[in-house]
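Everything on this sheet refers to the single structure shown next.
Here the structure is a predicted model, which means the values were calculated and not measured. Sequence lines set the chain letters: A, B, ... in the order given, protein chains first and strands last, and positions in each chain run from 1.
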Amino acid sequence: MNIFRLAGDMTHLLSILVLLLKIYATKSCSGISRKTQELYAIVFVARYLDLFTDFISVYNTFMKVVFIASSLAIVWCMRFHPMVRRSYDRELDTFRHYFLVGASFALALILHEKFTVQEIFWAFSIYLEAVAILPQLVLLQRSGNVDNLTGQYIFFLGAYRAFYILNWIYRYLTEPHFTRWIACVSGVVQTALYADFFYYYFISWKNNSKLKLPA
Amino acid sequence: ADVVAEHDEL
């Protein structure tokens, strides 16, 4: 464990807490893409298949359970909680996200570390996570205005993978046989997808104005 | 042996 990875995990956890706070405090999920949340639930379930077979550390197991439980809880809330589901922007959240699932799985069948079920699902989860934010970014472009909590949620979600890139650089420099090309390349793509959002987020923060995304 | 390190990252 290094400081970059810890910062990344904490930022990731923070993004989920901010989203839970928004949904719980405002009893609303307006501006949140349910499709992105469903993709994250798939990412965590597919990535943590080794939850009961490989024990790395208490921290690792605890965080895996938190990520799986929180992502499923958010999807459940957005689908079945009577008040929350009413505020879902159904007509704006129209990204055909099942294409992302299919493409990621197809890529995982071609590019993986080992041709085993667990490794293929791991690679699948890495590729899917890189593109999972797309429905959310499309929804924001369509709705134009971003409320504070949603903006913070997306900012932390993007920042966590940026910390992971520093972690991979650090591990590459300090650990002789460390290579994680799949995660690394995918992580760079993932962070790059947030680039324009980061740009507008920074501008709005600098001008202390409300975050507006160009339609 | 180039044992693929188990995935110790989240």
Side-chain angles (χ1 to χ4, degrees), chain A residues 1-2 4-13 16 43-44 46-51 53-57 59-68 112-116 118-119 121-123 125-126 129 160-161 163-165 167-168 170-171 175-184 186-187, chain B:
Chain A
M1 174 62 80
N2 60 63
F4 302 113
R5 186 143 66 97
L6 185 63
D9 291 341
M10 291 304 108
T11 308
H12 192 186
L13 186 63
I16 292 173
V43 164
F44 293 133
R47 186 173 305 175
Y48 302 147
L49 293 175
D50 63 349
L51 178 62
T53 56
D54 296 349
F55 178 77
I56 308 271
S57 69
Y59 169 82
N60 187 272
T61 302
F62 173 73
M63 293 296 278
K64 284 176 176 177
V65 170
V66 166
F67 286 158
I68 291 176
H112 43 261
E113 289 187 2
K114 270 193 310 187
F115 196 75
T116 63
Q118 190 163 313
E119 281 303 317
F121 273 94
W122 180 81
S125 80
I126 293 287
E129 185 187 3
Y160 115 82
R161 217 58 180 165
F163 278 121
Y164 255 76
I165 292 171
N167 151 65
W168 289 319
Y170 175 84
R171 291 188 75 177
E175 296 173 30
H177 301 297
F178 181 79
T179 51
R180 279 279 200 296
W181 296 120
I182 289 179
C184 226
S186 194
Chain B
D2 65 332
V3 174
V4 173
E6 60 202 355
H7 300 297
D8 60 350
E9 297 183 345
L10 288 172

(request) Identify which part of A:Asp9 has an atom lying under 4.5 Å from any heavy atom of chain B, answering side chain, backbone, both or neither. (result)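 The side chain, not the backbone.
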(request) Can you tell which part of A:Phe44 gets under 4.5 Å to a heavy atom of chain B, answering side chain, backbone, both or neither? (result)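 Neither part, no heavy atoms under 4.5 Å.
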(request) Measure the NE2-CZ distance between B:His7 and A:Arg47 for me, rounded to the nearest 0.5 Å. (result)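 One gets 9.5 Å once the value is rounded to the nearest 0.5 Å.
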(message) Using 0.5 Å steps for rounding, measure from the CG atom of B:Leu10 to the CZ atom of A:Arg5.
(response)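 So the gap between those two atoms works out to 7.0 Å.
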(message) Within the supplied structure, the quantity of interest is the number of heavy atoms (other residues, nucleotides, ligands) at a distance under 6.0 Å from A:Phe62 CZ; does it exceed 12?
(response)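 For A:Phe62, atom CZ is not crowded (no more than 12 foreign heavy atoms under 6.0 Å).
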(message) Quick check on A:Phe121: does its CZ atom have over 12 non-hydrogen neighbours (other residues, nucleotides or ligands) under 6.0 Å away?
(response)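 No, not enclosed.
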(request) Find the one option among A:Tyr59, A:Trp122, A:Phe178 whose heavy-atom pairs under 4.5 Å with chain B are most numerous. (result)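 The candidate making the most pairs under 4.5 Å is A:Trp122.
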